[in-house]
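Hydrogens, waters and symmetry mates are skipped; everything else that's a heavy atom, side chains included, is used. Lettering follows sequence order; numbering is per chain, from 1.
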Amino acid sequence: MTVKADYARNFVWAGELTSSELERAAAGIVERNYAKGSYICHRDDKFDYWTGVVSGLIKLSTIGLTGKATTYAGVGRGGWFGEGSVLKGEARKYDIVALRDTRLAMMNRATFVWLHENSIGFNHYLLRQLNERLGQFIAMVEHDRILDAKARVARNLSWLFNPVLYPGTAQTIEITQDELALLAGVSRAVTNRSLQELQAEGLIVVEQGAVSVRDIATLTRYGD
DNA sequence: TCATTAAATTGTT
DNA sequence: AACAATTTAATGA
């Protein structure tokens, strides 16, 4: 199979590009593997790539002066991030950490800017992504102070299921409770209990090494 | 294909 | 953090 077809199958935005645009995009992408637990980029690093998750799982987070970690978002297979930093040419404002062995696709800045300036389909995707992410951040700011552990778990789960950002994602995502605990910033025990309660409420179905979502809408607004 | 073992994950304290 | 129970993966007969 060609690299082009590979991207078209795995990445939503690739499906919105013309054939020649996709060819140009593929030429500007390199892939790289990261081991579980390793840092892909530290805060304030210059990391001039628009980055997608080919396989694995990562989180975007910062560690405050008190040592408490705040996760901004988890990104699973098919998710892309960093458009803000690339567009503005800024250093990253967060750490990027691989929660499990992860393969990333990294598009260089020149290619990203070219797509932004030339591809209508690409901009449609970008706009959707920015809008959706804005909604997530607003919800996070709005509720951060009162979110209990269960709501944090629910919210982090909903990120990974977002049907707008990851339309290809099935109803089931492969994530262990251990990984979800790292994302939500709570203990594994609390994650386990939260998942059982969410399951009892009919929002999800807990499986071995995976979670199925039955009610994404309620899950996203959990804690409201 | 089945049985055994190792490793991973879950549920509980 | 530690422990037991359960599930999955890997191996080889």
Side-chain angles (χ1 to χ4, degrees), chain A residues 1 6 9-10 31-42 51-79 81 94-105 136 140 143-163 165-166 168-224:
Chain A
M1 94 192 78
D6 202 29
R9 195 177 65 251
N10 289 311
E31 298 192 7
R32 189 171 164 189
N33 292 310
Y34 292 88
K36 174 182 181 179
S38 64
Y39 276 76
I40 290 139
C41 140
H42 289 84
T51 310
V53 178
V54 178
S55 65
L57 180 68
I58 62 152
K59 72 171 178 179
L60 315 180
S61 62
T62 58
I63 299 177
L65 296 177
T66 61
K68 291 176 184 172
T70 301
T71 297
Y72 293 136
V75 184
R77 179 197 314 258
F81 61 92
Y94 44 79
D95 299 318
I96 307 173
V97 186
L99 293 184
R100 72 170 83 128
D101 288 349
T102 297
R103 183 169 182 80
L104 295 183
Q136 287 182 354
M140 178 161 58
H143 299 294
D144 198 41
R145 295 174 191 172
I146 60 172
L147 276 185
D148 60 10
K150 184 162 65 160
R152 290 164 66 99
V153 170
R155 191 183 64 194
N156 277 278
L157 254 187
S158 75
W159 287 346
L160 299 174
F161 269 103
N162 189 309
L165 297 184
Y166 320 125
T169 307
Q171 324 154 38
T172 301
I173 188 176
E174 289 186 6
I175 183 173
T176 64
Q177 298 180 6
D178 196 28
E179 293 166 336
L180 190 52
L182 287 173
L183 264 187
V186 300
S187 73
R188 194 174 62 75
V190 168
T191 300
N192 178 267
R193 208 177 313 141
S194 298
L195 286 175
Q196 291 184 41
E197 291 177 17
L198 291 171
Q199 178 173 234
E201 294 170 26
L203 302 182
I204 62 175
V205 176
V206 179
E207 301 168 36
Q208 182 80 7
V211 177
S212 292
V213 166
R214 292 189 50 195
D215 187 346
I216 180 66
T218 303
L219 202 62
T220 303
R221 296 181 191 132
Y222 207 90
D224 277 10

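Taking the side chain to side chain donor-acceptor pair (under 3.5 Å) definition, one finds that A/Tyr94 meets it with A/Arg92, sequence neighbours left out. Under the side chain to side chain donor-acceptor pair (under 3.5 Å) criterion, A/Asp178 pairs with no residue at all, not counting sequence neighbours. Here A/Asn192 pairs with A/Gln177, A/Gln196 under the side-chain contact (heavy atoms from CB on, under 4.5 Å) rule; sequence neighbours left out. For A/Asn33, the side chain to side chain donor-acceptor pair (under 3.5 Å) partners are A/Arg103, not counting sequence neighbours. Qualifying side-chain contact (heavy atoms from CB on, under 4.5 Å) partners for A/Thr218, counting only residues two or more places apart in sequence or in other chains: A/Leu203, A/Asp215. Partners of A/Ile216 by side-chain contact (heavy atoms from CB on, under 4.5 Å), not counting sequence neighbours, listed by chain and number: A/Ser158, A/Phe161, A/Pro163, A/Val213, A/Thr220. Remark: A/Ala105 pairs with A/Phe11, A/Ile29, A/Glu31, A/Val54, A/Trp80 by the side-chain contact (heavy atoms from CB on, under 4.5 Å) rule, at least two apart or across chains. With sequence neighbours excluded, the residues that form a side chain to side chain donor-acceptor pair (under 3.5 Å) with A/Thr176 are A/Glu179.
A/Ser212 and A/Thr172 form a side-chain donor-acceptor contact under 3.5 Å, judged by distance and modelled atom types alone.
Identified under the salt bridge (charged side-chain N to carboxylate O under 4.0 Å, His left out) test for residues 199-213 of chain A, with sequence neighbours left out: A/Lys150-A/Glu201.
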Q | Under 4.0 Å protein heavy-atom contact, by nucleotide of nucleotides 3-11 of chain C - B base, S sugar-phosphate only | A | ----SS---

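For DNA chain B, the outermost nucleotides in 5' to 3' order that have an atom under 4.0 Å from a heavy atom of chain A are B/dT9 to B/dT13.
Mapping A/Arg193 and A/Ile175 onto DNA chain B by nearest heavy atom places A/Ile175 at the nucleotide closer to the 5' end.
In this structure, the helix from B/dT1-C/dA13 to B/dT13-C/dA1 shows an angle of 10° between the axis at its start and the axis at its end, each fitted on 5 base pairs and rounded to 10°.
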